Number of protein chains: 4
Amino acid sequence: MNKVILIGRLTRDPDVKNTTSGKTVATFTLAVDRRFKNKDGQKEADFVPIVVWGIVQQYLSKGSQVGISGRLQVRSYDDNDGKRRYVTEVIAEEVNFIGGKKDSGNQRQVAEGPPMGLDEDFHLMADDDDIPF
Amino acid sequence: MNKVILIGRLTRDPDVKNTTSGKTVATFTLAVDRRFKNKDGQKEADFVPIVVWGIVQQYLSKGSQVGISGRLQVRSYDDNDGKRRYVTEVIAEEVNFIGGKKDSGNQRQVAEGPPMGLDEDFHLMADDDDIPF
Amino acid sequence: MNKVILIGRLTRDPDVKNTTSGKTVATFTLAVDRRFKNKDGQKEADFVPIVVWGIVQQYLSKGSQVGISGRLQVRSYDDNDGKRRYVTEVIAEEVNFIGGKKDSGNQRQVAEGPPMGLDEDFHLMADDDDIPF
Amino acid sequence: MNKVILIGRLTRDPDVKNTTSGKTVATFTLAVDRRFKNKDGQKEADFVPIVVWGIVQQYLSKGSQVGISGRLQVRSYDDNDGKRRYVTEVIAEEVNFIGGKKDSGNQRQVAEGPPMGLDEDFHLMADDDDIPF
DNA sequence: TTTT
DNA sequence: TTTT
């Protein structure tokens, strides 16, 4: 069991890429407000990297409020100094468009993940850009 | 809204520390099996860093199977080269002990998080060890 | 583990009651849109009974959009014909106010549930009204 | 957004039916332990009706411990006295087999739900038995 | 009995 | 680097 459920807002427009096998993947950061103010009385947020397989960028832009349900994924890689680094991201499986846009109340069921072989393509992509966000 | 729900097994005994303000915090890594085998037919897992405020180490050890519900937290810090690094961890709010130990079926409600000022202590702690896992 | 997470809108103003022990409880129905249209092309919703311990009615009214996280509770009782009936409700533990009101983005942590003995009071209350919605 | 996550044990073997359109549906009740003992010091449980589309009965039997993730569904019908009755059930979308059987750690992704027209068949079925549990 |  |  691996479930993540978040409500937040996009900090920027999604970054959209196509894999060599023809899949579309959008990545963005979701600002999720924390429940409590910090000791300085400031509201804080967690900035969570989100990956969505499928075409959603037409529904999402900077500031959009969404509910995301998906799973937590932890990838590791070795950086240039040979130190192991970890990348944690939420792979979205459902995106709910909430809040005051014309898409309000709608929802898109997104692809479960890359089909066989796609992970490889994705890593090829990632070679160019290190990691996708 | 920020919810994470995981079922997995501890990869090692929890690492327990006490803050200067007298709180106990346990950290460990949870191995969460992925749903699908990879393209080589291997089962993979995500290794998720977990933080539990409160005394749970007496219930948890390497190999224990648990259900965790909590929230995703993303901290950032600047490493020695001035590069911004991110640490993602799950702050557990509930721990369910499942699987075949004498505590099976039990559950502990854990503290919501550190009270005012504790985060600072925690960072002092973290100075020694970089990050807690 | 028993978690429910819903996003929806109140079908009416909350119904607020006070227990004999001085606790406040609000109940309402949440309309949660289904993911898919039915075979007639109609959008449908599930109408889920929600119970919130604590004072939230000042933040909630008919049409308010909220995220609810809580737990599923199934109560049983015998009706007048001696037939066992079941009441399923979601006990809210967190309420997120989303959507376009002045409270937008805020959140209230609500009480975990009635303390010792309160359930009884609640049942006394329920005698008057059968079940609270 | 409509998510339910439960860990519990089957109170009995699943009840398996086939729809006229050839789909298989299993229903059972999941006993989910409550977090706290009641005021008499007794452990209590919620008994939650679960519906799983697809063939899982070979993996599930009375006493099996499972994690269920799915959605809450509320159906209504009018009883013989013309009184509106509600049936609340969890439509499972994922079933995790946990606890000490040979299937331990495995998981089955189950069908999303009945395809077009199936609901009707299901209601036909339900005519015989009132509701499926 | 239902919300947008 | 961050959203309202």
Side-chain angles (χ1 to χ4, degrees), chain A residues 6-15 27-34 37 42-50 60-68 89-90 95-107 129-133, chain B residues 1-2 74-78 82-86 88, chain C residues 6-15 27-34 37 42-50 60-68 89-90 95-107 129-133, chain D residues 1-2 74-78 82-86 88:
Chain A
L6 304 169
I7 298 177
R9 290 180 185 277
L10 303 224
T11 62
R12 50 177 174 72
D13 289 350
D15 190 23
T27 55
F28 53 85
T29 297
L30 195 72
V32 180
D33 287 338
R34 291 200 178 157
K37 297 193 169 71
Q42 300 298 125
K43 202 184 64 169
E44 283 183 286
D46 289 290
F47 295 96
V48 183
I50 309 286
L60 296 176
S61 53
K62 179 174 173 170
S64 300
Q65 189 180 26
V66 291
I68 297 267
E89 50 208 10
V90 170
V95 179
N96 286 269
F97 306 103
I98 55 187
K101 304 208 169 171
K102 64 181 183 310
D103 303 303
S104 177
N106 267 332
Q107 179 179 149
D129 302 304
D130 202 56
I131 52 166
F133 25 78
Chain B
M1 175 91 61
N2 180 337
V74 182
R75 292 185 289 118
S76 62
Y77 67 97
D78 297 308
K83 194 167 188 307
R84 176 129 297 199
R85 298 287 179 190
Y86 297 91
T88 302
Chain C
L6 304 169
I7 299 177
R9 290 180 186 277
L10 302 224
T11 63
R12 50 177 173 72
D13 288 350
D15 190 22
T27 55
F28 53 86
T29 298
L30 195 71
V32 180
D33 288 339
R34 291 201 178 158
K37 297 192 168 70
Q42 300 297 125
K43 202 183 63 166
E44 282 182 287
D46 289 290
F47 295 95
V48 183
I50 310 286
L60 296 176
S61 53
K62 178 174 174 169
S64 300
Q65 190 181 24
V66 291
I68 297 267
E89 51 208 8
V90 170
V95 179
N96 285 270
F97 307 102
I98 54 187
K101 304 208 170 172
K102 66 182 181 310
D103 304 302
S104 177
N106 265 333
Q107 180 180 145
D129 303 304
D130 202 55
I131 52 163
F133 24 78
Chain D
M1 174 92 63
N2 180 338
V74 181
R75 293 186 288 118
S76 61
Y77 67 98
D78 297 308
K83 194 169 188 304
R84 176 128 298 200
R85 298 287 179 190
Y86 297 91
T88 302

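Just so it is clear, the model here is predicted, and its values are computed rather than measured. So that the names make sense, note that chain A is the first sequence line, chain B the second, and so on, each numbered from 1.
For the pair C:L6 CG and E:dT3 C1', the computed distance is 14 Å after rounding to whole Å. Rounded to an integer number of Å, the gap from CZ of C:F47 to P of E:dT1 is 11 Å. Between the CZ atom of A:F97 and the P atom of E:dT4 there is a distance of 22 Å, rounded to whole Å. If you measure from atom CG of C:D15 to atom C1' of E:dT1, you get 13 Å, rounded to the nearest angstrom. Atom CG of C:L60 is separated from atom P of E:dT3 by 17 Å (rounded to the nearest Å). Atom CD1 of A:I98 is separated from atom C1' of F:dT4 by 12 Å (rounded to the nearest Å). Note: CG (C:D46) to C1' (E:dT3) measures 13 Å, nearest angstrom. One atom, CE of D:M1, and another, C1' of E:dT3, lie 18 Å apart when rounded to the nearest Å.
Listed candidates were F:dT3, F:dT1, E:dT1. Nearest to the side chain of A:A31 is F:dT3. In the set F:dT3, F:dT1, E:dT3, the nucleotide with an atom closest to the side chain of A:K62 is F:dT3. With distances taken from any side-chain atom of A:D33 to the nucleotides E:dT4, F:dT2, F:dT4, the minimum falls on F:dT4. Minimum atom distance to the side chain of C:T29 is reached by E:dT2, of the listed F:dT4, E:dT3, E:dT2. Which of F:dT1, E:dT3, F:dT3 sits closest to the side chain of B:R84 comes down to F:dT1.
The two residues A:L60 and A:P14 make their nearest non-hydrogen contact at O-CD, 3.4 Å.
C:D15 contributes atom CG, which lies 4.0 Å from atom OG1 of C:T27 (distance to the nearest 0.5 angstrom). To the nearest 0.5 Å, the span separating CD1 on A:I98 from CE on D:M1 amounts to 7.5 Å.
In summary, of the residues considered (C:L30, C:N96, C:I7, C:I50), a side chain to side chain contact (heavy atoms under 4.5 Å, CB included) with C:V66 occurs for C:L30 alone.
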